[in-house]
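A quick note: this is a predicted structure, and the numbers were derived from the prediction, not measured.
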Amino acid sequence: MAQSDFLYPENPWRSQEVNCLHQDPHQQLLDCLSDSFHATNKLIGVLNMHLGYKLASVEMKRDGTIKESSDIIIQAMMKIQKELQKVDDALKDKLEPTLYRKLRDIKGRETEKIAIIQKVISVILGEATSAASAVAVKLVGSTVTTGIINKLITVLAQIGASLLGSIGVAVLRLGIDMIFCAILGAVEKTQLQAAIKSYEIHLVEFKSASEKYHHAITEVTNTVKQQMK
């Protein structure tokens with residue numbers, strides 16, 4: 001008998017509901033969390049090295065809840081957004097309006113955008129390398145900050161506010177049975193189906209947002225490497 005069946009014998013239909021989930025959803029959730037931390041630290045490393053920031057790296061709280069780890073990523077990304085907004089404001093102030101509009105045009109060529117930022121980057125950051133300009137282009141002159149990061153922040157906040165948020169990260173490593181033990185302890189049996197559906201929806205959204213975020217940060221680091229050759 002599964003442990004959750006022993007603890008919650010009034011839910012004999014629990015197994016059927018659990019089997020409706022995607023394969024290994026607990027591992028997918030863990031992977032998405034780990035990938036988000038990894039991508040955030042990669043971004044922090046790039047910003048510290050090329051834009052002169054002093055942002056601290058982040059680490060998953062393995063003895064805490066999913067909400068606590070989600071909040072750590074959210075806070076880190078909001079700090080990044082705040083710093084990048086300062087760069088954006090400075091660019092808007094220093095550049096001619098027509099050049100700034102070209103910079104913000106998502107269809108514009110990156111080489112032209114880098115050349116535009118190169119004109120004023122040393123005044124803004126005290127740094128005039130092409131790598132610094134490339135980072136600014138990728139993060140300020142694109143939808144990474146306003147779109148992809150915002151989406152991931154929203155999804156993480158939703159997960160933190162859901163029943164998933166109260167589950168311990170360590171519980172995820174114990175498998176699907178223990179996850180639903182935790183959920184069952186938090187809801188009435190009549191709410192279980194809704195809780196499972198919420199789990200599925202949040203997992204799909206998180207996986208999509210995490211993949212886009214990871215891809216965007218990989219593009220940033222690859223662009224920087226190209227500029228440094």
Side-chain angles (χ1 to χ4, degrees), residues 30-95 103-104 106 110 113-114 116-118 120-160 165 169 206 209-229:
L30 261 179
D31 289 345
C32 287
L33 272 174
S34 296
D35 286 349
S36 295
F37 273 94
H38 179 64
T40 299
N41 282 330
K42 282 177 65 177
L43 178 56
I44 287 172
V46 168
L47 293 174
N48 288 348
M49 179 177 292
H50 299 288
L51 299 190
Y53 296 164
K54 296 181 180 179
L55 299 169
S57 59
V58 291
E59 185 176 352
M60 187 186 301
K61 193 169 183 180
R62 299 185 183 278
D63 60 345
T65 64
I66 293 173
K67 182 182 187 312
E68 288 174 317
S69 284
S70 296
D71 286 345
I72 290 171
I73 302 176
I74 290 173
Q75 290 167 11
M77 289 193 293
M78 290 180 71
K79 286 180 181 178
I80 290 169
Q81 285 183 315
K82 184 178 179 180
E83 293 299 327
L84 292 175
Q85 186 59 52
K86 292 178 183 177
V87 175
D88 191 19
D89 291 342
L91 288 169
K92 188 175 183 180
D93 179 61
K94 301 296 183 183
L95 290 171
L103 178 63
R104 299 298 297 176
I106 59 173
E110 284 191 0
K113 291 182 178 182
I114 290 174
I116 290 171
I117 291 183
Q118 197 77 27
V120 295
I121 195 73
S122 60
V123 177
I124 296 172
L125 301 172
E127 174 62 73
T129 67
S130 59
S133 298
V135 171
V137 166
K138 278 292 187 180
L139 297 174
V140 177
S142 71
T143 59
V144 173
T145 306
T146 57
I148 295 173
I149 292 180
N150 276 348
K151 177 62 177 178
L152 187 55
I153 287 175
T154 299
V155 172
L156 284 168
Q158 290 172 343
I159 288 174
V169 171
F206 186 23
S210 177
E211 287 175 349
K212 289 178 181 178
Y213 177 59
H214 192 274
H215 177 71
I217 304 312
T218 299
E219 278 197 0
V220 173
T221 56
N222 287 342
T223 299
V224 170
K225 289 177 182 177
Q226 291 173 3
Q227 292 295 324
M228 294 181 69
K229 288 181 179 180

| Is there a side-chain contact between M78 and I149, using heavy atoms and a 4.5 Å cut-off? | no
| field | L152 vs I148 side-chain heavy atoms within contact, under 4.5 Å | value | no
| Shortest non-hydrogen contact from Y53 toward L84 | OH-N, 4.2 Å
| Is the closest side-chain heavy-atom distance between M49 and V224 below 4.5 Å? | no
| request: Output the distance between atom CG (L51) and atom CD1 (I121), rounded to the nearest 0.5 Å. | output: 6.5 Å
| field | Nearest-0.5 Å distance, CD1 of residue I117 to CD1 of residue I124 | value | 8.0 Å
| task | List the steps and the verdict of side-chain contact (heavy atoms from CB on, under 4.5 Å) for R104 and K92. | result | CA-CA 10 Å; R104 299 298 297 176; K92 188 175 183 180; over 6 Å; no
| L103 versus I116, closest heavy-atom pair with distance | N-CD1, 4.4 Å
| query | Does a side-chain N-to-carboxylate-O contact under 4.0 Å join E83 and K86? | reply | yes
| said: In the structure I gave you, are the side-chain heavy atoms of T65 and E68 within less than 4.5 Å of one another anywhere? | reply: yes
| field | Sidechain N-carboxylate O distance under 4.0 Å for D71, K61 | value | no
| Closest contact, heavy atoms only, S210 versus S36 | OG-OG, 3.4 Å
| request: Before giving the answer on side-chain contact (heavy atoms from CB on, under 4.5 Å), spell out for V169 and L30 the whole-Å C-alpha distance, their side-chain angles and the decisive distance to 0.1 Å. | output: CA-CA 8 Å; V169 171; L30 261 179; 4.2 Å; yes
| query | Taking the side chain as C-beta and beyond, is there a heavy-atom pair between I72 and F37 under 4.5 Å? | reply | yes
| message | Quick one: does any side-chain atom of T221 pair with a main-chain N or O of T218 as donor and acceptor, under 3.5 Å? | response | yes
| Beyond-backbone contact of L47 with L139, side-chain heavy atoms, under 4.5 angstrom | yes
| said: Could you check whether Q85 and D89, counting side-chain N and O atoms only, form a donor-acceptor pair closer than 3.5 Å? | reply: yes
| Would you say the side chains of E211 and H215 form a donor-acceptor pair under 3.5 Å? | no
| field | Distance in Å, M60 CE paired with T40 OG1, rounded so as to fall on 0.5 Å steps | value | 10.5 Å
| So, for Q118 and S130, which heavy atoms are closest and what is the spacing to 0.1 Å? | OE1-CA, 3.6 Å
| Rounded to the nearest 0.5 Å, what separation is found between the CD1 atom of I73 and the CG atom of L33? | 5.5 Å
| message | Distance check, rounded to the nearest 0.5 Å: N41 atom CG versus I217 atom CD1? | response | 11.0 Å
| message | Once rounded to the nearest 0.5 Å, what's the spacing between atom CD of Q81 and atom CG of D88? | response | 12.0 Å
| request: Provide the closest heavy-atom pair for V144 versus K138 in the form atom of the first, atom of the second, distance. | output: CG2-O, 3.5 Å
| remark: Closest non-hydrogen contact found for I44 with A56 is CD1-O, 3.3 Å
